[in-house]
Amino acid sequence: MAVHGRLSVCGVQLCNEAGEAIQLRGMSSHGLQFFPDCVNTDSLVALRDDWRADVIRLSMYAQEGGLETDPVGFTAKVNGLVDDATALGLYVIVDFHVLTPGDPNINLELAKSFFAEVTSTHAAKNNVIYEIANEPNGVSWAGIKAYADEVIPVIRDNAPESVVLVGTRGFSSLGLSDGSDETEIIDDPVTFDNIMYTFHFYAASHGADRRAVVARAARSLPLFVSEFGTQTFTGDGDNDFDSTTAWLDLLKDARISYAMWSFSDGRETNSTFLPGTCAGTDFTGNEVLTEAGRYLRSRIRTGVGNPNG
Ligand code: IDC
């Protein structure tokens, strides 16, 4: 944040306050209700100083024991973590994590009240990015856009210049998982300023065919990879680091920002920390990391991903 200042969307790029295209690199939390102890000042210091990352995404599930079960408590949790990230100079993405059900309109009122509260708390900050729907599914682009048209004005009431990330059809696949593609967005874009569209990939499931579409779409649309994994879309199974490297090379060339799933210490291969790490205070170095964690820490630090550290 001290280096780049306020962000904006310039053309198809994310730009810093000086108007230069930049790429943010970092991590997504797992569901904050599933792993409440993995994002804290100690882990964020490690993310900033040991990983040399720029951004943390806070995944606030709407369902599955998330926000809908305790809006006051979970909103306070998110607000506290935004403050922690801000104190460390990190960019922070507030992710309204819709997944099941996949039509964000079902959660419209919850989304409006959540974003009204969060943006009013952080109105004076300029390091906060708002992601209005993690992975829309079972809903058309027109349905997603209608939701965006309702939620974005709520955000912009308090945070008029914030960058907003809009999920795309078919689990943020730019429509590919539904047999569509980016042209449905190009033909009918969200009309607010400072909007980016999200694309998610899981490297062992999604390969060269999808990379070709992303390379093409990035010439027309501002894209943000707010979530990706090094394994299959189940979030588990073997890592495919060759595919991940091909993806991250593309994102580097196109200056597309990214956050990897997930900053957690579970038993799935997407967890970057070894089990038990989040109960302690030591989040630094390779010793606390899984292969996925080692790979990405190395990639961010050196430009070369290495699952062995
Ligand atoms: C997965 C978690 C898993 C959890 C499941 C349902 O890794 O522990 O049981 O969600 O809550 C996504 C989603 C993200 C998924 C992830 C891996 O955004 O919530 O996390 N994934 O399946 N999209 C594609 C993959």
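The figures that follow rest on heavy atoms only: side chains count, while hydrogens, waters and symmetry mates do not. Keep in mind the model is a prediction, meaning the values are calculated, not measured. Each ligand, and each atom within it, is numbered from 1 in the order the structure gives.
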K.L.:
Could you list the atoms of ligand 1 found under 4.0 angstrom from a heavy atom of H97?
P.N.:
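Selected atoms, number and element: 13 (C), 14 (C), 18 (O), 19 (O).
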K.L.:
Just which atoms of ligand 1 are under 4.0 Å from any heavy atom in N270?
P.N.:
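Counting atoms of ligand 1 from 1, those under 4.0 Å from N270 are 7 (O).
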K.L.:
What do you reckon, does F171 put a non-hydrogen atom under 4.0 Å from ligand 1?
P.N.:
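Outside the 4.0 Å threshold, so no.
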K.L.:
Out of Y202, F228, W261, whose heavy atom is nearest to atom 24 (C) of ligand 1?
P.N.:
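Shortest heavy-atom distance from atom 24 (C) of ligand 1: Y202.
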K.L.:
Ignoring hydrogens, what is the shortest heavy-atom contact between S162 and N194? Give both atom names and the distance.
P.N.:
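Heavy-atom minimum between the residues: O-CB, 3.7 Å.
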K.L.:
Nearest to atom 11 (O) of ligand 1, what protein heavy atom do you find, and at what distance?
P.N.:
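Here the nearest protein heavy atom works out to E64 OE1, 2.6 Å.
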K.L.:
Examine the side chains of N127 and T86 and answer whether a donor and an acceptor come within less than 3.5 Å of each other.
P.N.:
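Yes.
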K.L.:
Checking salt bridge (Lys or Arg N to Asp or Glu O under 4.0 Å) between R169 and each of D178, D103, D181, which is the one that passes?
P.N.:
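Of the listed options, the one satisfying the test is D178.
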K.L.:
Are any of the N or O atoms of F34 closer than 3.5 Å to those of ligand 1?
P.N.:
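No, F34 has no N/O under 3.5 Å of an N/O on ligand 1.
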K.L.:
Give the atoms of ligand 1, by number and element, whose distance to some non-hydrogen atom of H30 is under 4.0 Å.
P.N.:
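Near H30, meaning under 4.0 Å from one of its heavy atoms, ligand 1 has 2 (C), 3 (C), 7 (O), 8 (O).
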K.L.:
State, without any angle test, whether E17 and H4 hold a side-chain donor-acceptor pair at a distance under 3.5 Å.
P.N.:
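Absent: no donor and acceptor within the cut-off.
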K.L.:
Just need the protein heavy atom nearest to atom 12 (C) of ligand 1, so name the residue and atom and give the distance.
P.N.:
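For this ligand atom, the closest protein heavy atom is E227 OE2, 3.0 Å.
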K.L.:
Please list, in number order, the atoms of ligand 1 under 4.0 Å from a heavy atom of E268.
P.N.:
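It comes down to these atoms of ligand 1: 2 (C), 3 (C), 7 (O), 8 (O).
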K.L.:
Could you check, using the six-membered ring where one of them is a Trp, whether F283 and F273 have ring centers closer than 6.0 angstrom?
P.N.:
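Yes, close enough.
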K.L.:
Taking 4.0 angstrom as the limit and counting only heavy atoms of T234, give me the atoms of ligand 1 inside it, by number and element.
P.N.:
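The list of qualifying atoms is 17 (C), 22 (O).
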K.L.:
What side-chain donor-acceptor pairs closer than 3.5 Å can you find for residues 252-260, not counting sequence neighbours?
P.N.:
unit_1 : atom_1 : unit_2 : atom_2 : d
S257   : OG     : L24    : N      : 2.8

K.L.:
Is the distance between the ring centroids of F34 and Y61 less than 6.0 Å?
P.N.:
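Aromatic pair counts; centres sit under 6.0 Å.
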K.L.:
Going by the atom numbers of ligand 1, which of them fall below 4.0 Å from some non-hydrogen atom of N134?
P.N.:
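Counting atoms of ligand 1 from 1, those under 4.0 Å from N134 are 18 (O).
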K.L.:
Establish, yes or no, whether a centroid distance under 6.0 Å links the rings of F201 and W261.
P.N.:
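Ring centroids of F201 and W261 are no less than 6.0 Å from each other.
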K.L.:
Any non-hydrogen protein atom below 4.0 Å of atom 7 (O) of ligand 1?
P.N.:
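Looking at atom 7 (O) of ligand 1, one finds that a protein heavy atom does lie closer than 4.0 Å.
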K.L.:
Report the residues that fulfil side-chain hydrogen bond (donor to acceptor under 3.5 Å, both in side chains) with N158, sequence neighbours left out, ordered by chain and then residue number.
P.N.:
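Only T119 meet the side-chain hydrogen bond (donor to acceptor under 3.5 Å, both in side chains) criterion with N158.
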K.L.:
Write out the residue and atom name of the closest protein heavy atom to atom 22 (O) of ligand 1, then the distance separating them to 0.1 Å.
P.N.:
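The protein heavy atom lying closest is F233 O, 2.7 Å.
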K.L.:
What residue and heavy atom of the protein are closest to atom 1 (C) of ligand 1, and at what distance?
P.N.:
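Protein heavy atom with the smallest distance to atom 1 (C) of ligand 1: Y61 OH, 4.0 Å.
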